[in-house]
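FYI, side chains are in, hydrogens and waters are out, and symmetry mates aren't considered; it's all heavy atoms of this structure. Because the structure is predicted, anything quoted here is derived from the model rather than measured. First listed ligand is number 1; within each ligand, the first listed atom is number 1.
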Amino acid sequence: MSTAIGVVVTQHIVAGRLHDLQLTGELLRYAAGTEQLDDLASIPPGELVGILADQIATLANAESNPIDAIGVAVPGIVRYDIVEDSPNLTQLKGMHLGEELTRVLAERGITAPVHISNDADCIAAGVAATRGQLEKLTRVWTIGNGLGYGRWPYVDGIWEGGHITVSLDPKERFCGCGGIGHLEGIMGYRAMRLRFLDLEPEEVFANAREGDARCREFVDLWHRALAAGTASFIHLAGPGRFYLTGHNVGFVDLQLLHSHLETMVRLSPLQSFSLEVLPPDDGTALLGAGVSALRTLST
Ligand SMILES: [Zn+2]
């Protein structure tokens, strides 16, 4: 028996209550209905912690049974409950978010331990929990404005898979981090807009389907880049299933991706990889945030 609260902070904030790893009751949403990318990015850090605490308190006080753990998923490099970097929520950079949130919650009488995790890692944890495979290696690509790489079980490290180098071309310079040749610099939404100043990414993919040569070439590069990143992780940690999700997962052509991956992974013990698309769903990351927090309690 366990009760946890999971919170996901991305472009918006979603929070929910988990009982024995099942969502119970309504999800709470902040900034519901507004799709402004920089909504949350413009909120001062102290205020953001206050909003999180409000949501957690509302859920904690909704029922009488005590909360065992509180898990929060945020984008960026997160280690030991500290947000070391967060390019899309820059106000969190360097913040001891776990400590801060624990302090603000204590003022409201909530003393359950708080655990902060990377959002893509939370999706991996949520997928593993949903599939009943918490003991298996689960890897996830989140395809959106940036490129996220998540894995479960958690292993200490940086794991910024979206910034893996997939090209030696010095002209590949569109990554949000400023690095040359990065996966996100080819696949990220922001990067695609910088590359095609005359077309939106949706138009690039639509034109490619209609046979436009420049767009087709790029869509092929986009899939080869993802195949290269995936192949690198297969060569490091082994084959298995990779899940693809995120706001722009609709751009993925699984067959094309698979065919490129086959050309890159030739060692027979590594060829038992598989790919699966998951529709983006806050509930998965929210569940994973709770799972990660509960798992931290028991280790
Ligand atoms: Zn980068």
Side-chain angles (χ1 to χ4, degrees), residues 8-11 37-38 40-41 73-79 82-95 97 116-124 139-151 154-197 199-202 204-205 217-237 242-249 251-252 257 260-261 264 275 280 285:
V8 181
V9 186
T10 50
Q11 284 113 343
L37 255 180
D38 47 2
L40 287 188
V74 298
I77 302 175
V78 182
R79 297 173 86 195
I82 299 167
V83 183
E84 295 187 356
D85 202 357
S86 190
N88 295 319
L89 291 172
T90 49
Q91 73 271 47
L92 294 183
K93 182 173 174 150
M95 194 173 185
L97 183 58
I116 316 292
S117 316
N118 166 270
D119 60 339
D121 283 343
C122 286
I123 295 174
R139 290 165 287 188
V140 172
W141 290 111
T142 61
I143 303 165
N145 201 38
L147 245 281
Y149 174 78
R151 54 166 285 152
Y154 178 74
V155 177
D156 185 29
I158 300 295
W159 303 109
E160 278 294 314
H163 299 275
I164 197 165
T165 305
V166 294
S167 169
L168 299 179
D169 184 345
K171 291 197 292 295
E172 286 300 341
R173 57 185 161 73
F174 300 115
C175 191
C177 82
I180 302 288
H182 289 190
L183 180 59
E184 180 178 309
I186 295 171
M187 292 187 68
Y189 195 81
R190 176 185 173 277
M192 287 193 278
R193 294 190 76 182
L194 290 172
R195 180 185 305 261
F196 288 90
L197 295 171
L199 293 172
E200 290 295 332
E202 288 79 3
V204 172
F205 281 83
E217 197 184 315
F218 173 73
V219 168
D220 195 60
L221 174 71
W222 193 90
H223 284 86
R224 271 192 293 134
L226 183 54
T230 307
S232 294
F233 283 112
I234 290 174
H235 286 98
L236 292 172
F242 286 79
Y243 296 90
L244 312 165
T245 189
H247 191 249
N248 291 325
V249 74
F251 292 149
V252 174
L257 178 61
H260 282 310
L261 201 43
M264 296 174 188
L275 305 165

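- Note on R151 versus D121: no salt bridge recorded, every NZ/NE/NH1/NH2 to OD/OE distance being 4.0 Å or above.
- At a cut-off of 3.5 Å, with distance as the only test, a side-chain donor of T230 or W141 sits close to an acceptor on the other residue.
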- Message: Determine whether Y149 and F233 satisfy the following criterion, ring pair (Phe, Tyr, Trp, His ring centres under 6.0 Å), listing intermediate values before the conclusion.
- Response: CA-CA 10 Å; Y149 174 78; F233 283 112; 3.9 Å; yes
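- When rounded to 10 degrees, the angle formed at the Zn ion (ligand 1) by SG (C175) and SG (C177) equals 110°.
- Looking at H163, its N, O or S atom nearest to the Zn ion (ligand 1) turns out to be ND1.
- A donor-acceptor pair shorter than 3.5 Å cannot be found between the side chains of E184 and Y189.
- For H182, the N, O or S atom with the smallest separation from the Zn ion (ligand 1) is ND1.
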